[in-house]
Amino acid sequence: MSILLSLDQGTTSSRAIVFDRFGTVLGSAQKEFQQYFPKPGWVEHDPQEIWSSQLQVAREAIAKAGIKLSQIAALGIANQRETTVVWDRFTGEPIYNAIVWQDRRTSDRCSELNQNHFEDKVKRKTGLTLDPYFCATKIEWILDHVSNARSRSENDELLFGTVDSWLMWNLTGGAIHATDVTNASRTMLWNLEKQEWDSELLERFRIPEAMMPRVSPSSSAFGKTAKELFGESIMIGGVAGDQQAALLGQNCNRPGLAKNTYGTGCFALMNIGDELVHSQSRLLTTAVCGGNGMGGFALEGSVFCGGSAVQWLRDGLGIIETAAEIETLASSVDDTGGVYVVPAFTGLGAPTWDPYARGTIVGITRGTSRAHIARATLEGIAFQVMDVLEAMIKETGTPLGELRVDGGAASNDLLMQIQADLLATSVVRSKLTEATAFGAAFLAGLTSNIWSSPEELYGIQEVDRIFEPQGNQILISERKETWALALQKSLGWDKAR
Ligand code: ADP
């Protein structure tokens, strides 16, 4: 009974990993699912496909691990955050596709709302900026645009959930409608200080409180899976938004420790301890995993387009066949030949926060090759992460001792080296590349008494590689200045047309 099943429901794929108590992966499975882009700036998923792909990989991972179901102590869920699902509480049918965190359809609504210092209020209450990224305006959009949705919500027929809630609802056969504090803190409806759904914000968005899930600490017994799904029920013992799960999985349990995850987007979080700090430089304040001696807050900066820029080179431009190929291509040139790629495909997140920014390539000459574009794309990812971390350092007044990294694109050595050079800080990649999934497993393991305290994580982490800063810092400073100019070019583009 010391094995844990982790469900890592990401933006582009559903994954399941079976871990033992040492963090060893016993079995894993992954399935990509369809991304829908109905209009420019809109991004949707089919909630049923999220669920079916997640269930399929969970079963596959268990089968590959070759274990008996009775050996699984509990399961943990880490999920793409903010992605918004609204479903019928009686039939379990979603009333609209999941509106994905990257979706910008409510940009104008957010601008309209930002009157009479409403953004200051949102920030004070939720720690977030008033941005389409979060759930509130997405829920509002669904209620306003799906026929009869408003009246159905008022008649208590509808439920809202982030992807963790949606998965738990399905895993328990509709028995529980719950979420954890980290996911709640991304809705723009959760009062961080009072630790409750904020009635004033709910009213402002006309969202009935009855639609909202019950909020529990991240490490707690949420419920049990329906018996027919796996043959026996499994306790759901841990739930966290993917970035907070990674913060825990990277062992950033103490104030001052920071990690960046390079997935579809890039997410840098720095643990700031128990004191609720409101950022002056447009970073977010967010809840970290709670329960079992954990809790408190983190500063966060999200880069909306990270690894997805690499996907665009693969699927949009077709200049690479696999994501990993970008490293060989980008390494075939010594520099970008003066090209800068600002991958603002879905606007810019922290610290710029411009929903109207769009992707921009500057400095193209007749000599520019696909290799230069590939290298500039990797640099564009690293420059954005640098901007976020430099804002955090400024905010906290604490230099970064090191940056802990994970996520799909962290396997790219060139990208990691570029990052270390730009930050002039060591970049530490753990052997446990699945920090997000392991964070969720760890939460479930704390609930099921496999571990007794977060301190036990120290014995589990092992370093894979440390990237030390290299290169000429004067040249790097010049490039940082040119990057700032390139970034300027991308701002407000969607509004300018
Ligand atoms: P998510 O959890 O957001 O779905 P992952 O952590 O699985 O993301 O990372 C997938 C992302 O990483 C994709 O956008 C992919 O393009 C990118 N990626 C994967 N391998 C590499 C690589 N070797 N170099 C650069 N990017 C990569």
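In each ligand, atom 1 is the first atom listed, and ligand 1 is the first ligand listed. Quick note: numbers below take in every heavy atom, side chains included, and nothing from hydrogens, waters or symmetry partners. We number each residue from 1, following the sequence as shown.
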Do [Y] and [X] meet the salt-bridge criterion of a basic N to acidic O distance under 4.0 Å?
X: Glu379; Y: Arg479; result: yes
X: Asp334; Y: Arg375; result: no
X: Arg314; Y: Glu321; result: no

May I ask you to list the atoms of ligand 1 that are less than 4.0 angstrom from any heavy atom of [X]?
X: Ser411; answer: 23 (N)
X: Thr12; answer: 4 (O)
X: Gln311; answer: 14 (O), 16 (O)
X: Thr11; answer: 4 (O)
X: Ile326; answer: 24 (N), 25 (C)
X: Ser308; answer: 14 (O)
X: Gly407; answer: 6 (O)

Closest protein heavy atom to [atom], given as residue, atom name and distance to 0.1 Å:
atom: atom 23 (N) of ligand 1; answer: Ala324 CA, 3.4 Å
atom: atom 6 (O) of ligand 1; answer: Gly408 N, 2.8 Å
atom: atom 11 (C) of ligand 1; answer: Gly263 C, 3.9 Å
atom: atom 25 (C) of ligand 1; answer: Asn412 ND2, 3.6 Å
atom: atom 22 (C) of ligand 1; answer: Ala323 O, 3.8 Å
atom: atom 3 (O) of ligand 1; answer: Thr264 OG1, 2.6 Å

Do [X] and [Y] have ring centres separated by under 6.0 Å?
X: Trp451; Y: Phe442; result: yes
X: Phe345; Y: Phe304; result: no
X: Tyr96; Y: Trp141; result: yes
X: Trp87; Y: Trp166; result: yes
X: His45; Y: Tyr36; result: no

Query raised in the report: Are side-chain heavy atoms of Pro47 and Asn97 found at a separation under 4.5 Å?
Result: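 Heavy-atom side-chain distance check passes, below 4.5 Å.
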query: If you measure only the distance, is there a donor-acceptor pair under 3.5 Å linking the side chains of Thr12 and Glu32?
result: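 On atom types as modelled, these side chains do not qualify, holding no pair under 3.5 Å.
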_As a check for students: among Cys266, Ala409, Gly307, identify the option with a heavy atom nearest to atom 27 (C) of ligand 1._
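Among Cys266, Ala409, Gly307, the closest heavy atom to atom 27 (C) of ligand 1 belongs to Ala409.
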Is Arg15 close enough to touch ligand 1? Criterion: a residue heavy atom under 4.0 Å from a ligand atom.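 Arg15: in contact with ligand 1 (<4.0 Å).
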**Request:** Return yes when Glu327 approaches ligand 1 closer than 4.0 angstrom through a heavy atom, no otherwise.
**Result:**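 Contact check Glu327 vs ligand 1: negative.
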Query raised in the report: Is there a nitrogen or oxygen of Gln30 sitting under 3.5 Å from a nitrogen or oxygen of ligand 1?
Result: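 So ligand 1 has no N or O lying under 3.5 Å from an N or O of Gln30.
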Using the side-chain hydrogen bond (donor to acceptor under 3.5 Å, both in side chains) rule, take Lys259 and Gln243 through it: C-alpha gap first, then chi angles, then the decisive distance, then the call.
-> CA-CA 9 Å; Lys259 70 91 198 171; Gln243 301 315 317; 2.6 Å; yes
